[in-house]
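For reference, the structure is listed below as structure tokens.
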Amino acid sequence: MNQKRYKKYLGWLIAAIVVIGGIISWQSLAKNKQKSSTKATRQTINLAASYSITSLDVAKITDRTSFNQIDNVGEGLYQYDKNGNALKALATKTNVSANKRVYTINIRKNTKWSNGDLVTAKDFVYSWQHAVNPKTASQYTYLFTNIKNAAQIIAGKKAATALGVKAIGKYRLRIWLNQPQAYFTKILARETLYPIDQRIAEKYGSKYGTSAAKTVYNGPFVLTGWNGTNDTWQLKKNPQYWNKKQVKLSSIKYQVVKDPATAYNLYKTKKLDLITLTGDQIKQLQHNKNIVKRNLAGTEYLEYNVRKSSPVANRNVRLAISLALDRNELINNILQNDAKPADSIVPSNFVKNPQTKVDYTKEVKVKNTTDYKPKLAQQLFKHGLQQLNKKELTVTLMIGTDDITKKTAEFIQSQLETHLKGLKVQLKTMPVNVKLARRASGDFDLDLIGWTADFADPITFLQMFTSDSTQNHLGWSDAEYDSLIANANQKNAGNVNRRWTDLVKAGQVLSREQPITPLYEMNTIDLVNSHLKDVVYDSVNGHYSYKQAYLSQN
């Protein structure tokens, strides 16, 4: 988050059908620059999203559509290459102290915001203090927790100005960490740590980021045409961007398209350049030369409200739900996109044991937690009902509005009501912004959601579920889990093998207690116009990235 970051709060099942942006690689364009007609077609591309932008404030975004726009219009100290490694962007030089707890970063001079203001070290300080301030209610504060005083600020025990970051010159930033963090530069590449123009943010106050006109940009593009609610917008080349010569596109046009059939029709009439295929489309077009298959570093899952008043607060009920779901049938008959059943919130082929090279998902698997065992599921559900002193349960599953999400939810509803006698599942469809608000307030029973990696480490998934995480909307708290994550982040942060053990044990706790139920590992099968096939793909964050087009030129 992809996801990436959610990042990245994202990625949901809609991540599998969101059409997301990029540009043609610089190398590809160079080879074809003599073909004027071809080059002309590449100056604007047409893309789709399955829902609209929710915010342009880097501290407040949590969904895939908004993250992809911010990634297009903003830039931080670092950025990812196609393999998820962090490379310098606005950072020109980084010095790390001997104890690896103090970072001093020189920032590229004379770079500008789209309004002409200079981008300075103070813009990073302001942005980060804004993000950790409890009044902002950012859901990505976990990215900051290893920065000095961040945890206390997030908890409301210290002022935001106490955060361990300081501008020690117009173009120099100093950061103090609690513990050494080998992947800290990967965190610095996340959109939540992008700068904010303090002057403009203070000018608009709470309205900052609520429309294109009330936001300024320091990345390759500026966003136009979004008034805060509409379903079309455009990214135009930013004339103030420091590396604008390497940005070959003049614009990216977006429109919200929720129905896969509509998307395909728009593709055939050349009104969209890239779509994600679903179900029967994949079968019908499987031999099309313009199909591109990709794995996303993300997992789709059910999350439960485990507060005492919730009908799914009982652990046996949650385990029963997990064991009643035939993930292979979901993939083969509903998704039909070669996804993989998930045994863990952390996807396979993402990280491996530093010593044995065994995949994380193999070490973390716990028997009878994500297997398809309907008889055992019924037994556990019956036991759960007895513990709750109930004869039946009614639960509500909260979902988004797109077609694939609805079909997936209907499959889950059918499976659960078939295999768990006494369980009734109601589906509640709502717009993404409403769903996010309900989730954040804890006003739900079950939620169908997904997460893509913020960076290549299991902690990007696991840290969401600690008791104090701003991403933990479940009401779930487990002392052993909290201790394992704390050890991975602090006590054992510098010991890769002990830290790995902590992360595996934490994943096993998550499986046993089942506050979430992993469903499948995300992937995408895209139909891409031939002139976009050379676009560079960010495998960690799960989207196409124009930024990679000029990384080698920096």
Side-chain angles (χ1 to χ4, degrees), residues 13 299-330 341-345 364-399 408-428 438-439 441-450 462 464-467 469 472-482 505-520:
L13 174 61
T299 304
E300 190 74 16
Y301 59 98
L302 292 172
E303 64 177 13
Y304 304 92
N305 183 347
V306 302
R307 296 168 180 85
K308 290 183 180 180
S309 59
S310 170
V312 288
N314 181 273
R315 174 176 171 269
N316 283 318
V317 169
R318 300 194 301 270
L319 279 171
I321 289 174
S322 181
L323 295 172
L325 296 172
D326 188 339
R327 291 158 176 80
N328 284 310
E329 185 177 343
L330 169 62
D343 290 321
S344 163
I345 183 69
V364 80
K365 183 174 172 57
V366 176
K367 186 178 179 181
N368 292 336
T369 58
T370 56
D371 312 272
Y372 176 52
K373 294 190 174 181
K375 290 184 179 179
L376 178 58
Q378 181 60 56
Q379 294 172 10
L380 289 170
F381 184 66
K382 183 178 180 180
H383 185 41
L385 288 178
Q386 292 172 345
Q387 291 174 322
L388 295 169
N389 196 28
K390 293 181 179 292
K391 292 185 178 180
E392 58 185 25
L393 275 183
T394 298
V395 300
T396 300
L397 173 58
M398 185 170 65
I399 61 172
T408 301
E410 289 168 356
F411 172 84
I412 292 170
Q413 180 187 48
S414 175
Q415 288 264 292
L416 296 184
E417 292 185 348
T418 298
H419 298 309
L420 303 179
K421 305 303 179 183
L423 179 64
K424 180 175 176 59
V425 180
Q426 299 176 336
L427 304 183
K428 183 101 176 151
R438 290 275 296 269
R439 179 175 178 261
S441 65
D443 183 16
F444 69 98
D445 296 337
L446 286 85
D447 184 20
L448 180 60
I449 194 167
L462 301 177
M464 290 192 292
F465 306 108
T466 58
S467 300
S469 171
N472 184 351
H473 304 296
L474 318 178
W476 183 68
S477 179
D478 186 281
E480 181 185 3
Y481 188 85
D482 289 349
K505 288 182 177 179
Q508 291 171 341
V509 171
L510 207 60
S511 293
R512 290 195 303 269
E513 296 302 316
Q514 206 71 198
I516 62 167
T517 287
L519 297 175
Y520 62 88

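The analysis underlying the following values was restricted to heavy atoms, covering all of them including side chains, and did not include hydrogens, waters or symmetry mates.
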Do [X] and [Y] make a side-chain contact, defined as non-hydrogen atoms from C-beta onward lying under 4.5 Å apart?
X      : Y      : answer
Leu416 : Ile321 : yes
Leu397 : Asp445 : no
Glu303 : Trp476 : no
Lys365 : Thr370 : yes
Asp482 : Ser477 : yes
Ile412 : Leu519 : yes
Gln508 : Glu480 : no
Pro518 : Asp343 : no

Under the rule for ring pair (Phe, Tyr, Trp, His ring centres under 6.0 Å), what residues qualify as partners of Phe381, not counting sequence neighbours? none

Indicate yes or no for a side-chain donor-acceptor contact from [X] to the backbone of [Y] under 3.5 Å, with no hydrogens or angles considered.
X      : Y      : result
Ser322 : Thr369 : yes
Ser511 : Gly507 : yes
Gln415 : Asp326 : yes
Arg315 : Arg512 : yes

Nearest 0.5 Å please: distance from the [atom1] atom of [X] over to the [atom2] atom of [Y].
X      : Y      : atom1 : atom2 : answer
Ile399 : Asp447 : CD1   : CG    : 10.0 Å
Phe444 : Thr396 : CZ    : OG1   : 11.5 Å
His419 : Leu323 : NE2   : CG    : 11.0 Å
Leu380 : Leu319 : CG    : CG    : 6.0 Å
Arg327 : Asp371 : CZ    : CG    : 8.0 Å
Glu417 : Leu423 : CD    : CG    : 6.5 Å

Specify the closest pair of heavy atoms between [X] and [Y], including all atoms of both residues, with the distance to one decimal.
X      : Y      : answer
Val425 : Gln413 : O-NE2, 2.8 Å
Leu462 : Ala506 : CD1-CB, 4.5 Å
Leu420 : Gln378 : CA-OE1, 3.2 Å

Residues Arg307, Asp443: salt bridge by 4.0 Å N-O rule: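 Not counted as a salt bridge, because no side-chain N and carboxylate O are separated by less than 4.0 Å.
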
Full working for side-chain contact (heavy atoms from CB on, under 4.5 Å) between Glu513 and Val306: CA-CA 11 Å; Glu513 296 302 316; Val306 302; over 6 Å; no

Assess the residue pair Leu330 and Leu325 against the criterion (side-chain contact (heavy atoms from CB on, under 4.5 Å)); give the C-alpha distance rounded to whole Å, side-chain angles, the decisive distance to 0.1 Å, and a yes or no. CA-CA 8 Å; Leu330 169 62; Leu325 296 172; over 6 Å; no

Let's go through Ile516 and Phe465 carefully: what are the C-alpha distance in whole Å and the side-chain angles of both, what is the deciding distance for side-chain contact (heavy atoms from CB on, under 4.5 Å) to 0.1 Å, and is it a yes or a no? CA-CA 9 Å; Ile516 62 167; Phe465 306 108; 3.7 Å; yes

Set out, in order, the CA-CA distance, both residues' side-chain angles and the distance that settles side-chain contact (heavy atoms from CB on, under 4.5 Å) for Met398 and Arg439, then state yes or no. CA-CA 9 Å; Met398 185 170 65; Arg439 179 175 178 261; 4.1 Å; yes

Thr517/Tyr304 under side-chain hydrogen bond (donor to acceptor under 3.5 Å, both in side chains): CA gap, chis, key distance, verdict: CA-CA 8 Å; Thr517 287; Tyr304 304 92; 2.6 Å; yes

